[in-house]
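Step one of this worksheet: look at the structure below.
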Amino acid sequence: MKITQAFTFEAAHWLPNVPDTHRCRRMHGHSYRVELTLSAPVDPQTGWVVDFFDVETAFAPILARLDHYCLNEVEGLENPTAEHIAAWIWHRAKGALPALSSVRVYETPMSWAEYEGD
Ligand SMILES: Nc1nc2c(c(=O)[nH]1)N=C([C@H](O)[C@H](O)COP(=O)(O)OP(=O)(O)OP(=O)(O)O)CN2
Ligand SMILES: [Zn+2]
C-alpha cells in the first residue's frame, strides 16, 4: 500500500549553471509543493501504513531548512533544481521514514521532479 502526504514551502533560488540569458539565472521565487510517498504493508492493528502525524513530525525539521530561505545558500543545494531538491530531501528524510519510496518536488503545478532513491 502507498500513502502520500503533501507539504508546501516558499523559497527563492537562481540556477547558476544556465546561460546568462536564461531567465532562471536571475533570483526568483517559487511556492514549492513536496509530496512524500511511503510504501509498506498496512499494519493490521492500526489500519495504516504510517501515521500521517509521524510523517509530519519527521519532515518538519527538513522543511524548516527550506522554507523562506534562498535555496542556493542551503548546504548541498548550491544548484537548486527541482531534481536536486527532491534528492536532497530524500537523503535527509529516508532515515526517519524508512518506508519512503518517492519524493516529488513541484516548482509549479505543471512541472515537478520525482526521486525514488539511488
Ligand atoms: N528540469 C528542470 N527544468 C527547469 C527547472 C528545474 O528545476 N528542472 N527549473 C527552472 C526554473 O526554476 C524556472 O523558474 C521554473 O519555472 P517555469 O518553468 O519558468 O515556470 P513559471 O511558472 O515560472 O513560468 P511560466 O511562464 O508560467 O511557464 C526551469 N527549468
Ligand atoms: Zn525557478
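In listed order, ligands and their atoms are each counted from 1.
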Item to complete: Compute the minimum heavy-atom distance from M110 to ligand 1 and say whether it is under 4.0 Å.
Response: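 Contact absent.
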Worksheet item: Should R23 be listed as contacting ligand 1, given a heavy-atom distance under 4.0 Å as the test?
Response: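 Right, R23 reaches ligand 1.
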Examine [X] and [Y] and state if one hydrophobic cluster contains both, with Ile, Leu, Val, Met, Phe, Trp and Tyr joined whenever side-chain heavy atoms are less than 4.5 Å apart.
X: W112; Y: V34; result: no
X: V105; Y: L38; result: yes
X: I85; Y: W90; result: yes

[X] side chain near [Y] side chain, heavy-atom distance below 4.5 Å:
X: I3; Y: V50; answer: yes
X: M27; Y: H13; answer: no
X: N79; Y: L15; answer: yes
X: L36; Y: T4; answer: no
X: H91; Y: D118; answer: yes

Worksheet item: Which atom pair, heavy atoms only, marks the closest approach of H28 to R23?
Response: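 Of all heavy-atom pairs spanning H28 and R23, the closest is ND1-O, 4.4 Å.
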Residue, atom name and distance, where the atom is the protein heavy atom closest to [atom]:
atom: atom 22 (O) of ligand 1; answer: T108 CG2, 3.5 Å
atom: atom 6 (C) of ligand 1; answer: E83 OE1, 3.6 Å
atom: atom 13 (C) of ligand 1; answer: C24 SG, 2.9 Å
atom: atom 5 (C) of ligand 1; answer: E107 OE1, 3.8 Å
atom: atom 16 (O) of ligand 1; answer: H30 CE1, 3.5 Å
atom: atom 7 (O) of ligand 1; answer: A82 N, 2.7 Å
atom: atom 14 (O) of ligand 1; answer: H28 NE2, 2.8 Å

Practice prompt. Just let me know how T81 lines up against ligand 1, side chain, backbone, both or neither, with a heavy-atom cut-off below 4.0 Å.
Written response: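 Both backbone and side chain.
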Worksheet item: Which one of F52, F7, F9 satisfies the ring-ring contact (aromatic ring centres under 6.0 Å, His included) criterion with F59?
Response: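 Option passing the ring-ring contact (aromatic ring centres under 6.0 Å, His included) with F59: F7.
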Worksheet item: Protein N, O or S atoms at less than 2.8 Å from the Zn ion (ligand 2), how many?
Response: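 There are 3 of them.
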When you measure from [atom] to the protein, is at least one non-hydrogen atom found at a distance under 4.0 Å?
atom: atom 24 (O) of ligand 1; result: yes
atom: atom 30 (N) of ligand 1; result: no
atom: atom 19 (O) of ligand 1; result: yes
atom: atom 9 (N) of ligand 1; result: yes

Discussion item. Could you tell me, atom by atom, which parts of ligand 1 come under 4.0 Å of a heavy atom of H13?
Written reply: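 Those qualifying, in numeric order: 12 (O).
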Worksheet item: Does NZ belonging to K2 count more than 12 external heavy atoms closer than 6.0 Å?
Response: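 No, NZ of K2 has 12 or fewer neighbouring heavy atoms, counting only those of other groups under 6.0 Å.
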Worksheet item: Has the side chain of D67 got a donor or acceptor atom that lies under 3.5 Å from a matching backbone atom of E10?
Response: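 Pair found, side chain donor or acceptor close to backbone of E10.
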Discussion item. My understanding is that only residues two or more places apart in sequence, or in another chain, count here; which of them pass side chain to side chain contact (heavy atoms under 4.5 Å, CB included) with P61?
Written reply: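 Result, side chain to side chain contact (heavy atoms under 4.5 Å, CB included) vs P61: none returned.
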